[in-house]
Chemist: 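One structure coming up, written as structure tokens, with questions to follow.
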Protein chains: 2
Amino acid sequence: MIKSPQLEEWTKKIGQRLRTLRHAQGLSLEDLSRLSGATAPTLSNIERGTRDVKLSTLVSLTAALRTELPLLFEESQNTDQSSGLPGYDLDDD
Amino acid sequence: MIKSPQLEEWTKKIGQRLRTLRHAQGLSLEDLSRLSGATAPTLSNIERGTRDVKLSTLVSLTAALRTELPLLFEESQNTDQSSGLPGYDLDDD
DNA sequence: TGGGAATTTATCATGTACGGTAATTTACCG
DNA sequence: CGGTAAATTACCGTACATGATAAATTCCCA
């Protein structure tokens, strides 16, 4: 895979946003793994921007994080759903 | 690949937008193939929404179409650069 | 500072996106 | 209609995203 600067920018930006969203909800990689179906190592790679991620993966991750896909691409956004969320019930799998 | 309704929505929406953008610039699949590096069959599949496309592909396509990646994901947008474009010079590759 | 949780890294297997190419079908325009 | 361009479909081969799992590393807090 030839990695253009453009692609690198996006993979990093998207990864950071996913991690921010996950942390904002107090989820570990394993938590999100359970919620999304992606394995923890895969999530780690994606959040660090080392993967050429597929659309299907982004869709399932945004669903698991209860956010919208376009949020990952918006130019300037407030990922700030900082603390008080409706809340995941981690026992409900 | 398990295809959720969500994913299907996005692949179709993105495909349609890409095709609209391409047509708006009077490009054939082969034209865009030359500009983007993706082959014409691949482009055909993506535009018809039959592919779980990778981020790198979307990045190169939006670059070739001289548009921005977030445009593919925006909720309501005007893809309407209908007719009179600055215009590609197909000889300049 | 010690120890468990969280994350990262490392393997291996599998599925599939994508390139390349050719053949077929469809669309368009005289 | 007929013919050419455009698009779709069909193969094959390769690369790599991802799952599954385990090991190593880093984090963090009592």
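In what follows, chains are A, B, ... by sequence order, proteins preceding strands, each numbered from 1. Being a predicted model, the structure only gives us computed values, none of them experimental.
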Chemist: In this structure, how many angstroms lie between the C1' atom of dG15(C) and the CG atom of D52(A), rounded?
Modeler: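 From D52(A) CG to dG15(C) C1': 16 Å.
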Chemist: Atom CG of L43(B) and atom P of dG20(C): how far apart are they, to the nearest Å?
Modeler: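 L43(B) atom CG is separated from dG20(C) atom P by 12 Å.
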Chemist: What is the distance from atom CD of Q16(A) to atom CZ of R19(A), rounded to the nearest 0.5 Å?
Modeler: 9.5 Å
Chemist: CG of L61(B) versus C1' of dA17(C): gap in Å, rounded?
Modeler: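 To the nearest whole Å, that distance equals 13 Å.
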Chemist: Is S44(B) near enough to dT8(D) that one of its side-chain N or O atoms lies under 4.0 angstrom from OP1 or OP2?
Modeler: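 Checking S44(B) against dT8(D): at least one side-chain N or O falls below 4.0 Å of OP1 or OP2.
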Chemist: Before giving the answer on side chain to side chain contact (heavy atoms under 4.5 Å, CB included), spell out for L55(B) and L55(A) the whole-Å C-alpha distance, their side-chain angles and the decisive distance to 0.1 Å.
Modeler: CA-CA 7 Å; L55(B) 183 60; L55(A) 183 59; over 6 Å; no
Chemist: Is the distance from OP1 or OP2 of dA17(D) to the nearest side-chain N or O of T42(A) less than 4.0 Å?
Modeler: no
Chemist: Nearest nucleotide by nearest heavy atom, which residue falls closer to the 5' end of DNA chain C, A40(B) or V53(B)?
Modeler: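 In this pair, the answer is V53(B).
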Chemist: Give one of base, sugar-phosphate or nothing for N45(A), where a contact means two heavy atoms less than 4.0 Å apart.
Modeler: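 Since no nucleic acid heavy atom lies under 4.0 Å of N45(A), the category is nothing.
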Chemist: Within the pair R19(A) and dA6(C), is there a side-chain N or O less than 4.0 Å away from OP1 or OP2?
Modeler: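 No, no such contact exists.
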Chemist: Distance check needed: dT18(D) P versus K54(A) NZ, whole Å only.
Modeler: 6 Å
Chemist: To the nearest Å, give me how far apart CG (L32(B)) and P (dG19(C)) are.
Modeler: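 Rounded to the whole Å, the gap is 11 Å.
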Chemist: May I have the distance from R51(B) (atom CZ) to dA17(C) (atom C1'), rounded to whole angstrom?
Modeler: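 Atom CZ in R51(B) sits about 5 Å away from atom C1' in dA17(C).
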Chemist: Look up atom OG1 in T42(B) and atom CG in L61(B), then write down how far apart they are to the nearest 0.5 Å.
Modeler: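 Atom-to-atom, T42(B):OG1 and L61(B):CG are 9.5 Å apart.
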Chemist: Give a yes/no on whether any side-chain N or O of T57(B) is located under 4.0 angstrom from OP1 or OP2 of dA17(C).
Modeler: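 Indeed not, no polar side-chain atom of T57(B) lies that close.
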Chemist: Starting at NZ of K3(A) and ending at C1' of dA17(D), how long is that distance when rounded to a whole Å?
Modeler: 12 Å
Chemist: Which heavy atom of I46(A) sits nearest a heavy atom of R51(A), and at what distance?
Modeler: CG1-CB, 4.2 Å
Chemist: Quick one: is dA7(D) close enough that its OP1 or OP2 comes under 4.0 Å of any side-chain N or O from H23(B)?
Modeler: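 For H23(B), the contact criterion (side-chain N or O under 4.0 Å from OP1 or OP2 of dA7(D)) is met.
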Chemist: Whole-Å distance between dA17(D) P and L55(A) CG?
Modeler: 15 Å
Chemist: Would you name the heavy atoms of S33(A) and A38(A) that are closest together and state the gap between them?
Modeler: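 Shortest heavy-atom contact: OG-O, 2.7 Å.
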Chemist: What's the closest nucleotide to the P41(B) side chain, out of dT9(D), dT21(D), dC18(C)?
Modeler: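 Nearest to the side-chain atoms of P41(B), counting from C-beta on, is dT9(D).
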Chemist: Quick one: is R22(A) getting a side-chain N or O under 4.0 Å of the dT7(C) phosphate, OP1 or OP2?
Modeler: yes
